[in-house]
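The structure under discussion appears below in the form of structure tokens.
This is a predicted model, so every value here is computed, not measured. Computed from heavy atoms alone, side chains included, the values below leave out hydrogens, waters and symmetry copies.
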Amino acid sequence: MLELFEKIGFAPRRCTWEITLACNLRCGHCGSRAGRARDDELSHDEALRVVDELSALGCRHVTLAGGEPTLRPDWAELIARFRARGVRCSMISNGLTWSEKLARRAKAAGLHHIGFSLDGLERSHDCVRKVPRGYKKVLRAIDISVAHGMTVVAVTHLTRRNVCELEALHAVLAEHGVAIWQLQLGVPMGNMREDRAQILEPAAILDIVPRIAAINDRGRAPRVIAADNIGYFGEHEENVRGAPPGTRIPFWVGCRAGLDVMGLESNGNVKGCLSLPSGLNGCSDFVEGNVRERSLREIWHDPNAFAYNRKFSVDKLSGKCRGCEFGEICRGGCTWTSFSHHGEAHAFPSCYYHEAKARASQAATAASARGTPSSRAARADAPSR
């Protein structure tokens, strides 16, 4: 699969840009430890130059993130600049600052869609977000956006606290007109390193994936899309990847950081994916350069950059991923999740295929001990391919 990316050519077709680290929340799962703006965040002129460089590199879709992106005064100007250069721009917000005025401003600037973080039903959301009435404020932000004709996406981190609420939360999002719902697993990075008890066990994926598929099978918006750390290669793979009908490759093709995805920090640091750890997590392994020192083009085309993906070989797989028949395609799952759990890039802890295979083996062993035909015992849990 890496050869396919090489043939197409590496280009940052999608970018997530942390335009400020300033935030009006201190969420328990925040991977970037957002709160105070960085001392060296890009100036307005520097940010406009980044817009132009990203556009010139062939970027097609940029998501403005934070922190809380609406706390940066020029966020709407950045959106308008992207739009003028033919780049689709979206934004992810916690919803606390959102208002009729901001919705009008975003729409006038040309925002493609707005995403809001919602981490469970009221009690769960307000617990992790550590703010009273936060849940109600997010729902109000969603309602305002829908009323202004905007496409709304909801984003949820799955933890022990909220995983039981999937179906109920989907019903709430449907009631409020959300179009797409992205789910991702919480990982032990940033603030959540101090709350590891909330991180789901690997086997939980065997419950989560079929439930996502069942929700989607009902055919009611919002459609649920699994983020890059949910999967892979089970019987529901096409369903949870959110692939439109007719998609040629409707399955996980490995981490795309540094292949066709880029992450930018608010001080100009360039990474393959914004979620990958950097200075605030005591790690600089994934920072490829800074736009104040080199142009984005120079950084992106550096032959030594993004080596964990661009120079991948199957011998780098470890943990549960070592020896997997899908290793060459998958490349060890989500790099962010693997590194957060194990300190290495290609050792994904919560693979559906691996967990289903392990369960089937356990069932077969138990059946053998009981004298039951093992094929019958394993059939229900064996993944399809």
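Hydrophobic clustering (ILVMFWY, side-chain heavy atoms < 4.5 Å, transitive): Leu96 and Met91 are in distinct clusters. In this structure, Val187 is not a member of the same hydrophobic cluster as Val128, with clusters built from ILVMFWY side-chain heavy atoms closer than 4.5 Å. Residues Val261 and Ile92 do not share a hydrophobic cluster, clusters being chains of Ile/Leu/Val/Met/Phe/Trp/Tyr side chains in contact below 4.5 Å. No chain of hydrophobic side-chain contacts below 4.5 Å, direct or via other Ile, Leu, Val, Met, Phe, Trp or Tyr residues, connects Met192 to Leu118. In terms of hydrophobic clustering, with Ile, Leu, Val, Met, Phe, Trp and Tyr side chains grouped at heavy-atom distances under 4.5 Å, Val62 and Ile299 are assigned to a common cluster.
The backbone N or O of Asn290 sits nowhere less than 3.5 Å from a side-chain atom of Asn269 that would complete a donor-acceptor pair. Although no hydrogens or angles enter the test, the distance criterion places a donor-acceptor pair under 3.5 Å between the side chain of Arg33 and the main chain of Gly190. Looking only at distances, a side-chain donor or acceptor of Asn216 sits under 3.5 Å from a matching main-chain atom of Val224. A donor-acceptor distance shorter than 3.5 angstrom exists from the side chain of Glu18 to the backbone of Ser266, with no hydrogens or angles considered. In terms of modelled atom types and a separation under 3.5 Å, the side chain of Glu298 and the main chain of Ser295 share a donor-acceptor contact. For Asp119 (side chain) and Thr156 (main-chain N/O), no donor-acceptor pair under 3.5 Å exists by modelled atom type. Under the 3.5 Å distance criterion, the side-chain polar atoms of Asn162 are matched with a main-chain donor or acceptor of Thr159. Within the 3.5 Å criterion, the main-chain N or O of Pro349 finds a donor-acceptor partner in the side chain of Lys320. Of the possible polar contacts, one joining the Lys271 side chain to the Leu276 backbone as a donor-acceptor pair under 3.5 Å is found. Under a 3.5 Å cut-off, the side chain of Arg72 and the backbone N or O of Thr20 do not form any donor-acceptor pair.
His148 pairs by the side chain to side chain contact (heavy atoms under 4.5 Å, CB included) definition with Glu100, Ala103, Arg104, Ile144, Met150, not counting sequence neighbours. Qualifying side chain to side chain contact (heavy atoms under 4.5 Å, CB included) partners for Arg211, counting only residues two or more places apart in sequence or in other chains: Val163, Leu166, Glu167, Asp207.
Contact annotation: the side chain of Leu25 approaches that of Val131 to within less than 4.5 Å [non-hydrogen atoms, C-beta and beyond]. Taking 4.5 Å as the limit, some side-chain heavy atom of Arg160 sits within range of a side-chain heavy atom of Leu200. The shortest distance between side-chain heavy atoms of Asn239 and Arg223 falls below 4.5 Å. Residues Thr97 and Leu102 have side chains in contact (heavy-atom distance under 4.5 Å, counting atoms from C-beta outward). With a 4.5 Å cut-off on side-chain heavy atoms, His346 and Cys321 do not count as touching. Annotation: side chain of Val270 is in contact with side chain of Met262 (closest heavy-atom distance under 4.5 Å). Within the 4.5 Å cutoff, the side chain of Trp17 has no heavy atoms near those of the Leu274 side chain. Side-chain contact between Val51 and Val87: absent, with no pair of heavy atoms (C-beta onward) separated by less than 4.5 Å.
Between Arg297 and Glu53 no salt bridge is recorded (no basic side-chain N to carboxylate O distance below 4.0 Å). A salt bridge is absent between Arg133 and Asp126: the closest approach of a Lys/Arg side-chain nitrogen to an acidic carboxylate oxygen does not fall below 4.0 angstrom. Salt-bridge formation is not detected for the pair Arg359/Glu355: no Lys NZ or Arg NE/NH1/NH2 atom is positioned less than 4.0 Å from an Asp or Glu carboxylate oxygen. We find that Arg294 and Asp302 are joined by a salt bridge, their nearest charged nitrogen and carboxylate oxygen being less than 4.0 Å apart. With respect to the salt-bridge test (charged N to carboxylate O, under 4.0 angstrom), the residues Arg322 and Asp315 do not qualify.
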Open item on the list: salt bridge (Lys or Arg N to Asp or Glu O under 4.0 Å) for Arg256 and Asp228? Distances and angles first, verdict last.
Closed with: CA-CA 9 Å; Arg256 298 166 82 151; Asp228 288 353; over 6 Å; no

Task: Test log, rule side chain to side chain contact (heavy atoms under 4.5 Å, CB included), inputs Tyr352 and His236 - done: CA-CA 10 Å; Tyr352 183 88; His236 305 294; 4.1 Å; yes

Open item on the list: I'd like to know whether Leu121 forms a side chain to side chain contact (heavy atoms under 4.5 Å, CB included) with Val172, so could you lay out the CA-CA distance, the side-chain angles of the two residues, the decisive distance to 0.1 Å, and finally the verdict.
Closed with: CA-CA 9 Å; Leu121 299 176; Val172 171; 4.1 Å; yes

- [ ] Go through the steps to decide whether Val138 and Ser117 satisfy the test side chain to side chain contact (heavy atoms under 4.5 Å, CB included), and finish with yes or no.
- [x] CA-CA 8 Å; Val138 176; Ser117 299; over 6 Å; no

Task: Stepwise salt bridge (Lys or Arg N to Asp or Glu O under 4.0 Å) check, Glu237 with Arg241 - done: CA-CA 6 Å; Glu237 178 71 7; Arg241 291 271 79 84; 3.0 Å; yes

Open item on the list: Show, in sequence, the C-alpha distance, side-chain angles and deciding distance for Cys15 and Cys59, and conclude whether the side chain to side chain contact (heavy atoms under 4.5 Å, CB included) test is met.
Closed with: CA-CA 7 Å; Cys15 175; Cys59 189; 4.0 Å; yes

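Taking the six-membered ring where the residue is Trp, Trp98 and Phe116 present perpendicular rings, their angle passing 60° and hence far from 30°. Ring geometry for Phe251 against Phe233 counts as tilted: the plane angle lies between 30° and 60°, on a 0 to 90° scale. Ring planes of Trp336 and His157: perpendicular class, angle over 60° (limits at 30 and 60°).
Tested against Phe306 for a ring pair (Phe, Tyr, Trp, His ring centres under 6.0 Å), the candidates Trp300, Phe10, Phe312 yield a single pass: Trp300.
The NZ atom of Lys316 lies 9.5 Å from the CG atom of Asn309; values are rounded to the nearest 0.5 Å. One finds the CG atom of Leu78 at 7.5 Å from the SG atom of Cys89 (value rounded to the nearest 0.5 Å). Expressed to the nearest 0.5 Å, how far CZ of Arg292 lies from OG of Ser43 amounts to 7.0 Å. Taken from SG in Cys30 to CG in Asn191, the straight-line distance is 5.5 Å, to the nearest 0.5 Å. Atom CG of Leu185 sits about 6.0 Å away from atom CG of Leu158, to the nearest 0.5 Å. From Cys23, atom SG reaches atom CG of Leu71 across 7.0 Å, with rounding to the nearest 0.5 Å.
Side-chain atoms of His61 and Arg14 form no donor-acceptor pair, as typed in the model, at a separation below 3.5 Å. Side-chain atoms of Asp195 and His29 include no donor-acceptor pair closer than 3.5 Å. Between the side chains of Glu325 and Tyr353, at least one donor N or O sits under 3.5 Å from an acceptor N or O. Checked by atom type, the side-chain pair Arg161/Ser124 shows no donor-acceptor distance below 3.5 Å. Residues Glu344 and Ser338 have side chains that never bring a donor and an acceptor to within less than 3.5 angstrom of each other. Looking at Thr70 and Ser93, their side chains never bring a donor and an acceptor atom within 3.5 Å of each other. A donor and an acceptor atom, one from each side chain of Thr151 and His112, are nowhere located under 3.5 Å apart.
Of all non-hydrogen atoms in Ala347 and Ser318, the two that sit nearest each other are CB-OG, 3.4 Å.
For the pair Arg331 and Trp252, the NZ or CZ position fails the cation-pi test of under 6.0 Å to the six-membered ring centre and within 45 degrees of the ring normal.
Aromatic ring centres of Phe339 and Tyr308 lie farther apart than the 6.0 Å criterion allows.
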